[in-house]
Structures are given as structure tokens and as C-alpha cells.
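Inspection log for the structure reproduced underneath, given as C-alpha cells.
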Amino acid sequence: MFPVNAQVTYENFLTESSENFKNKSFNGYSTFFDFSREEVRRGWWEYAKKFGNPINMKTYYQVKVSSAYTDGNVDLMLYSKTEASDGGVSFFLGIEESDFNNQLKNLLVDFKKEFYIKKILERIEAAQKEAAKQSDDYRSTFLSDERGVILNSLSKIIRSVDSLRNEIKEVITN
């Protein structure tokens, strides 16, 4: 039986904050994720590889962004840190150059949206696999009572997928 999805809460709420890396304070933004620290770290690593070179510094990440992406003549260095907190993870993204704070904010919002959408799509895929399995069970069952139970289960899966699609719409519009 496929469990009805446990809804995650996407909020594009960011707070200005600062963190210390290499005995230096960096200004940036923090946000909250409803996922484990390792999932967020892995998600950031995959996302950052699209535009830079992430370097794992054990307790935080540095992402070197080539000047080719910034239309400048100097490479930029982003700093990120994930810390477990109640029911999820706090994620910080900072930069040395305060001239790029607006772009940094947009980058963090984009990462968060992409991360949540990817996780919701994974849940939709799992629901679709369960629906395919239930459909096979329905075809192989001849008893009407069992078919009724399977149809009820399929209806729950369909409602769950519809709910997940609505979650994606909410993430996109926020």
C-alpha cells in the first residue's frame, strides 16, 4: 500500500546572516530545508557543479565560479554551510564581495526551488511505480473484493500524485 505523501513545506523565506570561514566573516543568506543534512549537501554539490567547481572543505563547501560566468576578470568564491536543526537543515550561502548579494540571493532561491521540485518528482515517480504494481495486481486478481481494495488503493495514489503536482505548482509560483 502506498502511503499518502507527507507534504514538505517549501518557503522562499531567506534571512540575511553571516558565517565564519577561514577566520573571516562572510555575509550571505540562510534558509531552511525540510530534508536531511546529507540530502541538502548532495543537492548543493550537484547544483553547484553546473556553474562552478565545488570543493568539500569537510564542514563547509567552497564553490569557485569562473570569471567566464560572471562577465568579469576575477573568479568568485561562494561559501556554503549546512547545519542540522529541528526537523530539517539550515543552509547558508555567502560570498566575499558584497556587490553580488542580489545575485547570491537569486542563486539561493533558484537552488532551493530546483531541490524541492526534484524531491517532489522523486515522490511522484515512486507513486507511479506503486500504481503500476497495483495495476498488475488488479489484472491478476479475479475476486471482486480484492479488486475493490486495489481500486481504492489506486485512487489514493492518484490523489497523492495530484497533491504532489500541486506542491510543484506552489514551489514554482513562490
Q | Any side-chain heavy-atom pair of Lys105 and Leu14 under 4.5 Å | A | yes
Q) Val89 and Leu108: same hydrophobic cluster, using ILVMFWY side-chain contacts below 4.5 Å? A) yes
Q. Is a side-chain N or O of Arg37 found less than 3.5 angstrom from the main chain of Thr82, in a donor-acceptor match?
A. yes
**Q.** Pairwise side-chain contact, Asn56 with Arg41, heavy-atom cut-off 4.5 Å (strictly under)
**A.** yes
Q | Min side-chain heavy-atom separation Ile95-Phe26 under 4.5 Å | A | no
Q) Under 3.5 Å, side chain of Ser140 to main-chain N/O of Asp136, donor-acceptor pair present? A) yes
Q | N/O donor-acceptor pair under 3.5 Å between Lys81 side chain and Ser90 backbone | A | no
**Q.** Taking every non-hydrogen atom, the tightest pair across Ser85 and Phe32
**A.** OG-CE1, 3.2 Å
Q | Spacing of Glu16 atom CD and Ser30 atom OG [to the nearest 0.5 Å] | A | 10.5 Å
Q.
Would the distance check show the side chain of Thr31 and the main-chain N or O of Phe13 forming a donor-acceptor pair, the cut-off being under 3.5 Å?
A. yes
Q) Under 3.5 Å, is there a donor-acceptor pair between the side chain of Glu39 and the main chain of Ser36? A) yes
Q.
Would the distance check show the side chain of Lys112 and the main-chain N or O of Glu11 forming a donor-acceptor pair, the cut-off being under 3.5 Å?
A. yes
Q.
Grouping I, L, V, M, F, W and Y whenever their side-chain heavy atoms are under 4.5 Å apart, do Leu104 and Phe21 come out in a common cluster?
A. no
Q) Is the side chain of Asp110 donor-acceptor paired with the backbone N or O of Asn106 at a distance under 3.5 Å, no angle test? A) no
(Q) For Asp34, is there any backbone N or O sitting under 3.5 Å from a side-chain donor or acceptor partner on Tyr116? (A) yes
Q | Side chain Ser160, main chain Lys156, donor-acceptor under 3.5 Å | A | no
Q | Side chain proximity check, Phe51 to Leu107, heavy atoms < 4.5 angstrom | A | yes
Q) Do Met57 and Leu93 belong together in a cluster built from hydrophobic side chains that touch within less than 4.5 Å? A) no
Q: Could you list the residues that satisfy salt bridge (Lys or Arg N to Asp or Glu O under 4.0 Å) with Lys49, not counting sequence neighbours?
A: none
Q | Nearest-0.5 Å distance, OG1 of residue Thr173 to NZ of residue Lys169 | A | 10.0 Å
(Q) Phe92 vs Tyr29, test: side-chain contact (heavy atoms from CB on, under 4.5 Å). Steps then yes/no. (A) CA-CA 6 Å; Phe92 170 82; Tyr29 296 92; over 6 Å; no
Q. Same hydrophobic cluster for Val161 and Ile117, using side-chain heavy-atom links shorter than 4.5 Å among ILVMFWY?
A. yes
Q. Is there side-chain contact between Leu164 and Ile168, with heavy atoms separated by less than 4.5 Å?
A. no
Q | Arg123 side chain near Glu167 side chain, heavy-atom distance below 4.5 Å | A | yes
(Q) Is there a side-chain contact between Gln134 and Ile157 in this structure, where contact means two heavy atoms from C-beta onward sitting under 4.5 Å apart? (A) yes
Q. Side-chain contact, heavy-atom cut-off 4.5 Å: Lys118 with Ile120?
A. no
Q. Is there a donor-acceptor pair closer than 3.5 Å between any side-chain N or O of Ser163 and the backbone N or O of Arg159?
A. no
Q: On the 0 to 90° scale, with breaks at 30° and 60°, tag the Phe111-Phe115 ring pair as parallel, tilted or perpendicular.
A: tilted
Q. Can you tell me how far CG of Asp137 sits from CZ of Arg147, rounded to the nearest 0.5 angstrom?
A. 11.0 Å
Q | Ionic contact status for Lys113 with Glu170, cut-off 4.0 Å | A | no
Q. Looking at residues at least two apart in the chain, or sitting in another chain, which of them share a salt bridge (Lys or Arg N to Asp or Glu O under 4.0 Å) with Glu122?
A. Lys119
Q) What orientation do Phe91 and Phe33 show, parallel under 30°, tilted 30 to 60°, or perpendicular over 60°? A) perpendicular
Q: Using the six-membered ring wherever Trp is involved, compare the ring planes of Tyr60 and Tyr79 and label them parallel, tilted or perpendicular (cut-offs 30° and 60°).
A: tilted
Q: Begin from the C-alpha positions of Glu125 and Lys129 and carry the test salt bridge (Lys or Arg N to Asp or Glu O under 4.0 Å) through to its verdict.
A: CA-CA 6 Å; Glu125 187 176 307; Lys129 286 180 182 177; 3.6 Å; yes
(Q) Between Asp75 and Val65, is the side-chain contact (heavy atoms from CB on, under 4.5 Å) condition met? List the steps. (A) CA-CA 6 Å; Asp75 295 342; Val65 182; over 6 Å; no
**Q.** Full working for side-chain contact (heavy atoms from CB on, under 4.5 Å) between Leu76 and Phe100
**A.** CA-CA 10 Å; Leu76 294 177; Phe100 295 97; 3.8 Å; yes
Q.
Would you compute the distance between atom CG of Leu151 and atom OG1 of Thr141 and round it to the nearest 0.5 angstrom?
A. 10.0 Å
Q.
Hydrophobic clusters here meaning ILVMFWY residues chained together by side-chain heavy-atom distances under 4.5 Å, can you tell me if Val171 and Trp44 are in one?
A. yes
